Amino acid sequence: MVRALADDGGVEFFAVPGLPDYHPSNPGGKPEGGRTLGQELFPFPTLGEWQDRVEVTPYYSPYLRMDETAIGCAVPKTPTDEEKAHREAEDLRGMGGGLVGALLNACLRVGVAIEVSTAARDLIIDNGRAIGVVAETADGRRTLQATRAVILATGGFEWNEEYRTAFLRGHVTKPASIPTNTGDGLRMAMRAGAALQNMREAWWIPITELPEGINSMNLEMINGDRTRPRSIMVNRTGRRFTNEAVSYNSVVGASIRRTSPRSGTPTCPRG
Ligand SMILES: Cc1cc2nc3c(=O)[nH]c(=O)nc-3n(C[C@H](O)[C@H](O)[C@H](O)COP(=O)(O)OP(=O)(O)OC[C@H]3O[C@@H](n4cnc5c(N)ncnc54)[C@H](O)[C@@H]3O)c2cc1C
């Protein structure tokens with residue numbers, strides 16, 4: 001996949017130095033790092049009219065590479081002020097934004113027609129095959145025919161309270177992702193009779209709420225700082241519940257197991 005994106009899509013990755021695997025002690029784990037990939041800075045002016053249409057992360061400066069943030073490196077090497085000014089002037093973005101820019105560029109290069117503000121709502125099923133979708137646009141409902149297949153890629157369902165309560169094993173109060181991920185693809189798949197698996201799990205991350213106005217989500221991810229020596233996290237009863245230095249996914253997994261008030265049998269959501 002990485003080779004295809006690099007060769008055919010022009011996406012430029014690098015191995016983030018020193019960032020260990022999430023479970024480095026598992027067989028084959030790499031405690032010294034080398035598996036996690038970062039995205040090279042991508043020049044957004046390449047995208048032409050799409051340059052200003054890509055969402056900017058609320059959490060970091062968009063002009064940093066993975067190895068220049070606390071999430072990617074224990075001691076991040078910060079770019080000089082001169083380098084920062086250069087990146088800003090040239091709109092050179094890194095991290096997820098840089099990856100999205102490079103992927104978008106790859107799509108535009110091969111002529112993918114991208115429609116924004118167009119929400120897929122229903123699969124059109126013919127003889128057991130998905131042959132298109134009904135989409136909602138500002139001008140009303142439209143039918144889009146598929147020539148070969150329909151791929152559902154609408155992200156997760158973390159912004160859909162009914163689905164969260166029905167499926168997840170933990171009580172999620174503040175998703176850290178884009179609010180348009182309301183499980184539409186899941187709903188369409190369920191209506192089409194799809195078999196579901198692994199629905200209790202999420203890719204968890206501990207967050208803290210910020211006072212209004214610090215970033216657009218009013219959230220901060222608790223990542224590098226909790227893993228430093230002498231940091232201790234406790235639950236609501238004042239008890240330490242995990243190794244603070246494990247991955248963010250494992251920290252929340254542990255906190256849910258020990259502190260979640262939620263229990264009982266999930267009810268089936270409306271499909
Ligand atoms: C704060 C944060 C940090 C992360 N950091 C990393 C990281 O460092 N490395 C890493 O590998 N991963 C990271 N991830 C995870 C990564 O972002 C996701 O795994 C990835 O974006 C999922 O891609 P996707 O295309 O499946 O869904 P998404 O990127 O969530 O995209 C789904 C899209 O579908 C759209 N959509 C929803 N409903 C409809 C509809 N009905 N019709 C049309 N469109 C619809 C949504 O608006 C959205 O744009 C992070 C995630 C978060 C939230």
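It should be emphasised that the depicted structure is a prediction, and the values quoted were computed from it without experimental measurement. Note that ligands are numbered from 1 as they come in the structure, with each ligand's atoms numbered from 1 the same way. Note that the numbering runs from 1 along the sequence shown for the chain. Below, each value reflects all heavy atoms present in this structure, side chains not excepted, and no hydrogens, waters or symmetry copies.
In this structure, atom 6 (C) of ligand 1 is not in close contact with the protein, since no protein heavy atom lies within 4.0 Å of it. Within the 4.0 Å cut-off (strictly below), no protein heavy atom is located near atom 14 (N) of ligand 1. For atom 34 (O) of ligand 1, the nearest protein heavy atom lies closer than 4.0 Å. Less than 4.0 angstrom separates atom 30 (O) of ligand 1 from at least one non-hydrogen atom of the protein. Within a 4.0 Å radius of atom 41 (N) of ligand 1, the protein contributes at least one heavy atom. Put simply, atom 1 (C) of ligand 1 has protein non-hydrogen atoms near it, under 4.0 Å away. For atom 20 (C) of ligand 1, no protein heavy-atom neighbour is found at a distance under 4.0 Å. Less than 4.0 angstrom separates atom 37 (C) of ligand 1 from at least one non-hydrogen atom of the protein.
At least one side-chain heavy atom of Leu99 sits under 4.5 Å from a side-chain heavy atom of Val11. Taking the side chain as every heavy atom from C-beta outward, Thr143 and Val133 never approach each other to under 4.5 Å. Counting heavy atoms from C-beta on, the side chains of Leu47 and Asp52 never come closer than 4.5 Å. For the pair Met66/Leu19, a side-chain contact is recorded, criterion being any heavy-atom separation below 4.5 Å from C-beta on.
Nearest to atom 8 (O) of ligand 1 among the protein's heavy atoms is Met66 CE, 4.3 Å. In terms of protein heavy atoms, atom 48 (C) of ligand 1 is closest to Asn181 OD1, 3.5 Å. The single protein non-hydrogen atom nearest to atom 44 (N) of ligand 1 is Thr154 CG2, 4.4 Å, given as residue, atom name and distance. Here the protein heavy atom with the shortest distance to atom 26 (O) of ligand 1 is Gly155 CA, 4.3 Å.
With Glu40 as reference, Arg65 is the one residue of Arg65, Arg93, Arg87 to meet the salt bridge (Lys or Arg N to Asp or Glu O under 4.0 Å) rule.
Proximity to Ala153 (heavy-atom distance under 4.0 Å) selects the following atoms of ligand 1: 32 (C), 33 (C), 34 (O). Close approach of ligand 1 to Ala120 (heavy-atom distance below 4.0 Å) involves ligand atoms 40 (C), 41 (N), 42 (N), 43 (C). The distance from ligand 1 to the heavy atoms of Thr118 drops below 4.0 Å at these ligand atoms: 42 (N), 43 (C). In the vicinity of Ala176, heavy-atom distances shorter than 4.0 Å reach the ligand 1 atoms 1 (C), 53 (C).
Note on residues 152-161: pairs passing side-chain hydrogen bond (donor to acceptor under 3.5 Å, both in side chains), not counting sequence neighbours, are Glu158-Ser177, Glu158-Asn181, Trp159-Ser177.
The proximity of Thr180 to ligand 1, defined as any non-hydrogen pair under 4.0 Å, involves the side chain as well as the backbone. Of the heavy atoms in Tyr59, only side-chain atoms (C-beta onward) come closer than 4.0 Å to ligand 1. Of the heavy atoms in Met221, only side-chain atoms (C-beta onward) come closer than 4.0 Å to ligand 1.
Residues that satisfy the salt bridge (charged side-chain N to carboxylate O under 4.0 Å, His left out) test with Glu212, not counting sequence neighbours, are absent from this structure.
At least one N/O-N/O distance between Asp184 and ligand 1 falls below 3.5 Å.
Ion pairing between a basic and an acidic side chain is recognised when a charged N comes within 4.0 Å of a carboxylate O; Asp184 and Arg187 show such pairing. Salt bridge status for Arg141 with Glu136: present, with a side-chain N to carboxylate O gap under 4.0 Å. A salt bridge does not link Asp8 with Arg109: every distance from a Lys NZ or Arg NE/NH1/NH2 to an Asp or Glu carboxylate oxygen is 4.0 Å or more.
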Query raised in the report: Should Thr137 and Asp139 be marked as a side chain to side chain donor-acceptor pair (under 3.5 Å) after you check the CA-CA gap, both sets of side-chain angles, and the distance that decides it?
Result: CA-CA 5 Å; Thr137 72; Asp139 305 323; 4.7 Å; no
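Donor-acceptor pairing under 3.5 Å is recorded for the side chains of Gln51 and Asp91.
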